[in-house]
Student: 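To start, I am sharing the structure in question, which I have written as structure tokens.
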Amino acid sequence: MKIGIVVTDPADWTAERFIHGLRLVGVEPITIELGKAVSNVSEITCEGFSLFDLDGLLVRDVGGGGLESSVFRFDLLVELECSGIQVVNPSHAIQLAANKHLSYWKLKRSKLPLPLTCVTSEIKEAISFVENLGSAVAKPIFGYKGLDVELIDAKRLHRVSTIIRERGVIYLQEFIPHAGRDVRAFVVGNEVIGAIYRIAPENEWISNLSQGGTPQPCSLTGVQKDLAIRAARALGAAYAGVDLIGDENETFVLEVNGTPSGYGLFAACRVDVTRAIIDLLMNRVRG
Ligand SMILES: Nc1ncnc2c1ncn2[C@@H]1O[C@H](COP(=O)(O)OP(=O)(O)O)[C@@H](O)[C@H]1O
Ligand SMILES: [Mg+2]
């Protein structure tokens with residue numbers, strides 16, 4: 001059985017756990033950096049190894065970079081999928097989840113509760129969205145780890161034109177009041193295998209762990225579990241980290257992560273999501 005794992009940093013906690021977990025089920029994984037892959041249009045190799053020889057591929061991290069190189073790496077995954085290799089998460093789910101605008105529509109079509117959102121290149125339209133709500137959260141369409149997320153209120157309206165000038169487009173969202181925390185639910189297959197609160201630093205409202213948030217155990221309500229499972233399914237993800245936000249009365253789906261880190265759940269609850277993901281992949285590979 002040949003199982004690969006797509007990584008950019010083999011020392012990352014989740015990548016290490018994938019490698020360790022595969023060894024526990026008797027598989028010596030082949031780590032693959034797609035940045036080193038060669039496609040000669042009849043073969044895809046990485047450091048001399050033919051990726052078509054794989055039975056399954058776990059995608060921890062496709063990596064960033066420019067448009068052409070990331071499209072190239074996703075196209076490699078698509079070709080591997082076309083040749084019958086089980087890729088988890090599927091490339092289309094990772095791509096969809098990475099795109100907050102496109103995934104918003106998918107989630108909306110699945111009737112999930114979402115914050116009001118406006119995406120536009122028109123400065124006037126963007127400003128009137130913020131003015132109607134009083135304030136709004138701006139974030140990059142392809143953002144991650146809470147980077148470049150900011151609150152735009154009446155005093156910071158100038159940021160709208162700056163962002164549109166710099167990025168060409170702005171993604172604006174209703175600010176959902178919350179008690180300084182959000183929820184990250186981990187879905188694997190059709191189940192939620194655990195969840196954490198991410199507590200934002202004092203007087204902050206952005207709760208990503210990489211922005212200083214702290215993970216704490218969280219028991220989801222049945223409604224929240226159902227939202228998380230439906231959100232993962234809406235994007236075709238085999239597993240996902242689903243961000244939920246709100247208060248005791250109402251929960252909104254913020255986003256779905258197709259390559260989530262398992263560290264926070266393990267730190268807070270001692271639940272290792274990579275084990276469940278490996279089981280899912282191995283079941284698919286064994287048919
Ligand atoms: N609409 C919102 N209302 C309130 N807080 C938000 C909103 N959008 C984002 N946040 C905060 O910012 C964090 C990052 O936003 P998110 O949409 O998950 O982007 P990223 O992909 O960068 O994680 C969230 O975990 C939450 O703490
Ligand atoms: Mg997030």
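When a ligand or atom number is given, it counts from 1 through the structure's own listing order. Note that the structure is predicted; figures quoted are calculated from it, not measured. Index from 1, following the sequence.
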Student: For R198, take its heavy atoms, then give the atoms of ligand 1 lying under 4.0 Å from any of them.
Tutor: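 Listed by number with element, the hits are 25 (O).
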
Student: When you check the side-chain N and O atoms of E125 and T120, is any donor under 3.5 Å from an acceptor?
Tutor: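 Looking only at side-chain atoms, T120 and E125 do not form any donor-acceptor pair under 3.5 Å.
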
Student: Give a yes or no on whether the backbone of A136 and the side-chain of Q173 come within a donor-acceptor separation of less than 3.5 Å.
Tutor: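 Checked: no pair found.
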
Student: Should V137 be counted as touching ligand 1, given the test is an N or O pair under 3.5 Å?
Tutor: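 No, V137 has no N/O under 3.5 Å of an N/O on ligand 1.
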
Student: Counting from 1, what ligand 1 atoms have a heavy atom of Y144 closer than 4.0 Å?
Tutor: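 The atoms of ligand 1 under 4.0 Å from a heavy atom of Y144 are 20 (P), 21 (O), 22 (O).
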
Student: Classify the side-chain pair K145/Q211 by whether it contains a donor and acceptor separated by less than 3.5 Å.
Tutor: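 No - no donor-acceptor pair under 3.5 Å links their side chains.
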
Student: Of the protein's non-hydrogen atoms, which lies at the shortest distance from atom 18 (O) of ligand 1, and what is that distance?
Tutor: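 Nearest neighbour among protein heavy atoms for atom 18 (O) of ligand 1, to 0.1 Å: E255 OE2, 2.8 Å.
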
Student: Any chance the side chains of S50 and E43 put a donor and an acceptor closer than 3.5 Å?
Tutor: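 Note: S50 and E43 side chains meet the donor-acceptor criterion.
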
Student: Any atom of ligand 1 sitting under 4.0 Å from a heavy atom of Q211?
Tutor: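 False for this residue.
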
Student: For ligand 1, which atoms sit closer than 4.0 Å to a heavy atom of G143?
Tutor: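 Matching atoms, with element in brackets: 21 (O).
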
Student: For Y197, does the six-membered ring have the charged nitrogen or CZ of R181 within the cation-pi criterion, i.e. under 6.0 angstrom from the centroid and within 45° of the normal?
Tutor: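 Yes, a cation-pi geometry holds between R181 and Y197.
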
Student: What protein heavy atom sits nearest atom 9 (C) of ligand 1, and how far off is it?
Tutor: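 Going atom by atom, the protein heavy atom closest to atom 9 (C) of ligand 1 ends up being K139 NZ, 3.4 Å.
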
Student: Identify the protein heavy atom lying closest to atom 21 (O) of ligand 1, giving its residue, its atom name and the separation to 0.1 Å.
Tutor: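 Of every protein heavy atom, K100 NZ, 2.6 Å lies nearest to atom 21 (O) of ligand 1.
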
Student: Give the atoms of ligand 1, by number and element, whose distance to some non-hydrogen atom of D182 is under 4.0 Å.
Tutor: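 Checking each atom against D182, I get 24 (C), 25 (O), 26 (C), 27 (O).
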
Student: Which residue holds the protein heavy atom closest to atom 5 (N) of ligand 1, what is that atom called, and what is the gap in Å?
Tutor: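 Residue, atom and distance for the closest contact: I245 CD1, 3.4 Å.
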
Student: Test T259 against N257 for side chain to side chain donor-acceptor pair (under 3.5 Å), laying out the working first.
Tutor: CA-CA 6 Å; T259 54; N257 295 271; over 6 Å; no

Student: Hydrogens and angles aside, do N208 and S210 bring a side-chain donor and acceptor to less than 3.5 Å of each other?
Tutor: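 Note: N208 and S210 side chains miss the donor-acceptor criterion.
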
Student: Which atoms form the tightest heavy-atom contact between P260 and Y239, and what is the distance?
Tutor: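 In this case the closest contact between P260 and Y239 is CD-CE1, 3.5 Å.
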
Student: Identify whether the distance between the nearest side-chain nitrogen and carboxylate oxygen of R60 and D12 falls below 4.0 Å.
Tutor: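 So R60 pairs with D12 through a salt bridge.
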
Student: Please find the N/O/S atom of E255 nearest to the Mg ion (ligand 2) and write down its name.
Tutor: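 Of all N, O or S atoms belonging to E255, OE2 is the one nearest the Mg ion (ligand 2).
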
Student: When you measure from the Mg ion (ligand 2) to each N, O or S atom of D243, which atom gives the shortest distance?
Tutor: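 Per the distance ranking, D243 contributes OD2 as its closest N/O/S atom to the Mg ion (ligand 2).
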
Student: Of all the atoms in ligand 1, which lie at a distance below 4.0 Å from a heavy atom belonging to Q173?
Tutor: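 This gives 1 (N), 8 (N) as the contact atoms.
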
Student: Considering only the protein, which heavy-atom contact is closest to atom 22 (O) of ligand 1, and what is its distance?
Tutor: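 Looking only at protein heavy atoms, the one closest to atom 22 (O) of ligand 1 is G146 N, 2.7 Å.
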
Student: Which residue and atom name correspond to the protein heavy atom nearest atom 14 (C) of ligand 1, and how close is it?
Tutor: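 Checking every protein heavy atom, the shortest distance to atom 14 (C) of ligand 1 gives N208 OD1, 3.1 Å.
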
Student: I need the nearest protein heavy-atom contact for atom 1 (N) of ligand 1: residue, atom name and distance, please.
Tutor: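 Checked against all protein heavy atoms, atom 1 (N) of ligand 1 sits closest to E174 O, 2.8 Å.
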
Student: If you measure from CZ on R156 to NE2 on H158, what distance do you get to the nearest 0.5 Å?
Tutor: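 These two atoms lie 5.5 Å from each other.
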
Student: Where on H178 is there a heavy atom closer than 4.0 Å to ligand 1, on the side chain, on the backbone, on both, or on neither?
Tutor: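 For H178, only side-chain atoms sit under 4.0 Å from ligand 1.
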
Student: In sequence, state the C-alpha distance, the side-chain angles, and the governing distance for S91 and E81, and then conclude on side chain to side chain donor-acceptor pair (under 3.5 Å).
Tutor: CA-CA 8 Å; S91 61; E81 282 164 344; 2.8 Å; yes

Student: Looking at R17 and D272, is there a salt bridge between them, counting it only when a charged N and a carboxylate O are closer than 4.0 Å?
Tutor: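 A salt bridge links D272 with R17.
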
Student: Considering distance alone, does some N or O of V149 sit under 3.5 Å from an N or O of ligand 1?
Tutor: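 In this structure, V149 places no N or O atom under 3.5 Å from an N or O of ligand 1.
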
Student: Looking only at protein heavy atoms, identify the closest one to atom 6 (C) of ligand 1 and say how far it is in Å.
Tutor: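 Of every protein heavy atom, W205 CZ3, 3.7 Å lies nearest to atom 6 (C) of ligand 1.
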
Student: Where's the contact between I176 and ligand 1, heavy-atom distance under 4.0 Å: side chain, backbone, both or neither?
Tutor: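 Both parts.
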
Student: I'd like to check which ligand 1 atoms, numbered from 1 as shown, lie under 4.0 Å from a non-hydrogen atom of F175.
Tutor: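 The list of qualifying atoms is 3 (N), 4 (C).
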
Student: For D243, counting its heavy atoms only, list the atoms of ligand 1 lying under 4.0 Å from any of them.
Tutor: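 Once the distances to D243 are compared, the set is 18 (O).
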
Student: How close do I141 and H101 get, counting heavy atoms only, and between which atoms?
Tutor: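 Looks like CG2-N, 3.9 Å.
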
